[in-house]
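A short write-up of the structure that comes next.
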Amino acid sequence: MWMSLILAKVQAWITYRDTVRELQYLADKELADLGISRSDIKDVARRAAQ
(Lines give C-alpha, C1' and ligand atoms only; values in the text may rest on other atoms or scores of the structure.)
Protein backbone atom coordinates (compact mmCIF):
# COMPACT_ATOMS: atom_id res chain seq x y z
CA MET A 1 0.00 0.00 0.00
CA TRP A 2 2.75 2.47 0.91
CA MET A 3 4.69 1.53 -2.19
CA SER A 4 1.75 2.34 -4.47
CA LEU A 5 1.31 5.73 -2.76
CA ILE A 6 4.98 6.55 -3.23
CA LEU A 7 4.86 5.40 -6.84
CA ALA A 8 1.81 7.60 -7.50
CA LYS A 9 3.59 10.62 -5.99
CA VAL A 10 6.70 10.00 -8.09
CA GLN A 11 4.64 9.63 -11.26
CA ALA A 12 2.76 12.86 -10.49
CA TRP A 13 6.07 14.69 -9.98
CA ILE A 14 7.44 13.33 -13.27
CA THR A 15 4.28 14.42 -15.10
CA TYR A 16 4.55 17.89 -13.53
CA ARG A 17 8.25 18.22 -14.44
CA ASP A 18 7.74 17.04 -18.04
CA THR A 19 4.73 19.31 -18.56
CA VAL A 20 6.60 22.37 -17.29
CA ARG A 21 9.57 21.54 -19.49
CA GLU A 22 7.47 21.08 -22.63
CA LEU A 23 5.42 24.23 -22.10
CA GLN A 24 8.51 26.34 -21.39
CA TYR A 25 9.94 25.42 -24.79
CA LEU A 26 6.88 26.76 -26.62
CA ALA A 27 6.94 30.26 -28.10
CA ASP A 28 4.65 32.90 -26.63
CA LYS A 29 2.40 32.71 -29.72
CA GLU A 30 2.05 28.95 -29.36
CA LEU A 31 1.16 29.33 -25.69
CA ALA A 32 -1.36 32.03 -26.57
CA ASP A 33 -2.93 29.69 -29.14
CA LEU A 34 -3.42 27.20 -26.29
CA GLY A 35 -4.82 29.92 -24.03
CA ILE A 36 -1.88 29.74 -21.63
CA SER A 37 0.37 32.56 -20.48
CA ARG A 38 3.92 32.03 -19.24
CA SER A 39 2.81 32.78 -15.68
CA ASP A 40 0.22 29.97 -15.90
CA ILE A 41 2.65 27.20 -16.85
CA LYS A 42 3.21 25.87 -13.32
CA ASP A 43 -0.52 25.92 -12.54
CA VAL A 44 -1.32 24.05 -15.75
CA ALA A 45 1.39 21.50 -15.00
CA ARG A 46 0.11 21.07 -11.44
CA ARG A 47 -3.40 20.33 -12.74
CA ALA A 48 -2.00 17.91 -15.33
CA ALA A 49 -0.17 16.01 -12.59
CA GLN A 50 -3.24 15.54 -10.38
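For this chain, numbers begin at 1 and follow the sequence in order.
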### Task
Determine the minimum heavy-atom distance between Ala49 and Ala12, stating which atoms define it.
CB-O, 3.2 Å
#### Entry: Set of side chain to side chain donor-acceptor pair (under 3.5 Å) partners for Ser37, sequence neighbours left out
Ser39, Asp40
## Note on the structure
Closest non-hydrogen contact found for Gln24 with Arg38 is O-NH1, 3.4 Å
### Task
Please go through Trp13's hydrophobic cluster and name the other residues, only I, L, V, M, F, W, Y counting, with side-chain heavy atoms under 4.5 Å joining them.
Ile6, Val10, Ile14
### Message
Rounded at 0.5 Å granularity, tell me how far CG in Leu26 sits from CG in Asp33.
### Response
10.0 Å
#### Entry: Qualifying side-chain hydrogen bond (donor to acceptor under 3.5 Å, both in side chains) pairs, either residue in residues 41-50, two or more places apart
Asp43-Arg46
### Summary
Heavy-atom closest pair (Ala48 atom, Thr15 atom, distance to 0.1 Å) is O-CG2, 3.8 Å
### Task
Among residues two or more places apart or on two chains, list those pairs meeting salt bridge (charged side-chain N to carboxylate O under 4.0 Å, His left out) that have a residue in residues 6-19.
Asp18-Arg21
### Query
Would Thr19 and Ile41 count as a side-chain contact (heavy atoms from CB on, under 4.5 Å) if you check the C-alpha gap in whole Å, the side-chain angles of each, and the deciding distance to 0.1 Å?
CA-CA 8 Å; Thr19 303; Ile41 288 175; over 6 Å; no
### By side chain to side chain contact (heavy atoms under 4.5 Å, CB included) - contacts of Gln11 (at least two apart)
Leu7
### Task
If you link ILVMFWY side chains whenever their heavy atoms are less than 4.5 Å apart, which other residues fall into the same cluster as Met1? By chain and number, please.
none
